[in-house]
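What follows is a set of notes on a single structure, which appears directly below.
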Amino acid sequence: AAQSCRAAMAGSKPLSRFWEWGRNIVCVGRNYAEHAKEMGSALPAEPLFFLKPSSAYVREGSPIVRPYYCRNLHHEVELGVLIGRRAQAVPQDAAMEHVAGYALCLDMTARDTQEQCKKKGLPWTLAKGFGSSCPVSDFVPKEKIPDPHKLQIWLKVNGKLRQEGDTSSMIFSIPYLISYISHIFTLEEGDLILTGSPKGVGSVEANDEIEAGIRDVVSMRFKVVQGTEPRSLKGV
Ligand SMILES: CC(=O)CC(=O)C(=O)O
Ligand SMILES: [Mg+2]
């Protein structure tokens with residue numbers, strides 16, 4: 001009953017407001033060779049991916065909040081691919097039929113926390129899933145982007161260019177990613193796939209301003225603020 005209620009709730013909102021659907025955010029990692037290299041990581045033989053909770057979405061007008069436990073918050077600019085039709089074990093040559101459109105996204109990462117999680121063999125949830133860790137632009141219908149592998153994504157901090165990448169440099173293409181993931185779990189309408197960050201990731205501090213976009217398509221702007229430790233945890 002809860003699932004059908006959620007589906008009805010989600011269906012009552014247009015897909016262009018996907019961030020209100022409560023669906024999965026599937027994030028692909030190390031999908032650009034230069035970024036894998038700057039992180040000191042080997043190139044993946046198959047896609048590496050992880051999930052963010054849908055409560056991680058944040059839209060322009062609200063800030064990106066650096067988690068109280070983070071001392072090194074990184075920006076990662078990424079192309080998001082929105083699923084418009086359920087995809088279960090789909091072949092690559094049918095994958096793009098399941099795409100409704102795109103969005104410019106940030107995979108905000110508590111980098112120090114991520115390093116600690118890696119060392120301890122822990123999941124990256126604390127590093128990747130905190131509130132406001134997934135800023136997203138307006139929705140871009142697929143008709144406006146003839147070829148998503150011919151886009152330039154960029155990011156500036158306080159007006160200074162930090163990242164600029166071509167989606168043609170992805171290691172695993174969008175059809176490959178959709179097919180691969182859909183053979184592991186079903187992708188539902190309203191799910192969003194973040195397709196990985198190009199090189200140039202870096203730190204942001206409270207009061208910094210981030211601007212990012214898909215060149216000549218869409219852009220967005222966010223302030224960074226410092227989060228506060230929950231009182232209930234003090235002295236634990
Ligand atoms: C090491 C990472 O955080 C991988 C990632 O998110 C990426 O975009 O690459
Ligand atoms: Mg990422």
Side-chain angles (χ1 to χ4, degrees), residues 19 24-58 64-67 69-82 102-137 148-149 151-157 162-174 176-178 180-181 184 187 191-204 210 212-214 220 222 224:
W19 52 86
N24 292 322
I25 303 171
V26 187
C27 304
V28 179
R30 300 177 191 154
N31 200 26
Y32 287 80
E34 290 300 300
H35 170 57
K37 193 171 153 194
E38 74 180 352
M39 297 302 294
S41 305
L43 296 188
E46 288 297 351
L48 153 78
F49 60 91
F50 52 90
L51 302 179
K52 289 180 187 268
S54 56
S55 53
Y57 280 127
V58 63
I64 296 167
V65 180
R66 183 170 79 167
Y69 51 80
C70 170
R71 295 290 173 272
N72 186 15
L73 180 64
H74 270 208
H75 56 74
E76 295 187 358
V77 69
E78 307 197 14
L79 176 67
V81 179
L82 186 69
Y102 306 91
L104 196 272
C105 311
L106 304 184
D107 171 14
M108 295 307 293
T109 303
R111 195 67 77 193
D112 49 343
T113 307
Q114 185 183 41
E115 290 310 313
Q116 290 155 20
C117 291
K118 285 179 183 176
K119 281 185 189 131
K120 296 174 184 171
L122 296 174
W124 292 358
T125 312
L126 270 177
K128 291 283 194 177
F130 55 89
S132 76
S133 63
C134 194
V136 291
S137 72
H149 298 98
L151 298 172
Q152 202 172 55
I153 55 178
W154 58 270
L155 180 141
K156 295 178 181 175
V157 175
R162 289 273 191 93
Q163 288 189 272
E164 193 170 43
D166 290 301
T167 55
S168 58
S169 307
M170 283 184 202
I171 296 170
F172 301 109
S173 70
I174 293 168
Y176 186 94
L177 292 172
I178 291 172
Y180 182 85
I181 295 167
I184 295 169
L187 288 165
D191 284 351
L192 184 72
I193 301 173
L194 269 61
T195 53
S197 175
K199 71 177 185 324
V201 301
S203 295
V204 285
I210 298 177
I214 304 172
M220 60 189 190
F222 288 87
V224 179

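Every heavy atom of this structure was used, including side-chain atoms; hydrogens, water molecules and symmetry mates were not. Note that ligands are numbered from 1 as they come in the structure, with each ligand's atoms numbered from 1 the same way.
Considering all non-hydrogen atoms of both residues, I25 and S54 come closest at CD1-CA, 4.1 Å.
With hydrogens and angles disregarded, no donor-acceptor distance shorter than 3.5 Å links the side chain of E76 to the backbone of T109. Judged by distance alone, the side chain of K52 and the main-chain N or O of S133 form a donor-acceptor pair under 3.5 Å.
Residues V26 and L192 form no side-chain contact, since every pair of their non-hydrogen atoms from C-beta on lies 4.5 Å or further apart.
The Mg ion (ligand 2) sits nearest to atom OE2 when only the N, O or S atoms of E78 are considered. The atom name of the N/O/S atom in E76 closest to the Mg ion (ligand 2) is OE1. Within D107, the N, O or S atom lying nearest to the Mg ion (ligand 2) carries the name OD2.
A heavy-atom separation below 4.0 Å is not found between Y32 and ligand 1.
Only the side chain of R111 comes within 4.0 Å of ligand 1, judged by heavy-atom distances. Contact annotation: for V28 versus ligand 1, heavy atoms closer than 4.0 Å belong to the backbone alone. At a heavy-atom distance under 4.0 Å, no atom of F49 approaches ligand 1.
When each atom of ligand 1 is checked for a heavy atom of H35 under 4.0 Å away, the hits are 7 (C), 9 (O). The S197 neighbourhood of ligand 1 comprises atoms 7 (C), 8 (O), with distances under 4.0 Å to a heavy atom of that residue.
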> Given the rule in the side-chain contact (heavy atoms from CB on, under 4.5 Å) test, do Y32 and K199 qualify, once you have shown the distances and angles that lead to the verdict?
Replying inline: CA-CA 7 Å; Y32 287 80; K199 71 177 185 324; over 6 Å; no
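Atom NE2 of H74 and atom OG of S203 lie 3.5 Å apart (nearest 0.5 Å). Remark: T167 OG1 to Q152 CD distance equals 9.5 Å, nearest 0.5 Å.
Distance from atom 3 (O) of ligand 1 to its nearest protein heavy atom, with residue and atom name: K128 NZ, 2.8 Å. The closest protein non-hydrogen atom to atom 5 (C) of ligand 1 is E76 OE1, 3.4 Å. Looking only at protein heavy atoms, the nearest one to atom 4 (C) of ligand 1 is G29 CA, 3.7 Å.
Taking only non-hydrogen atoms, the option from R30, Q114, M39 nearest to atom 2 (C) of ligand 1 is Q114.
Under a cut-off of 6.0 angstrom, the local environment of NZ in K37 is sparse, with at most 12 non-hydrogen atoms contributed by other residues, nucleotides or ligands.
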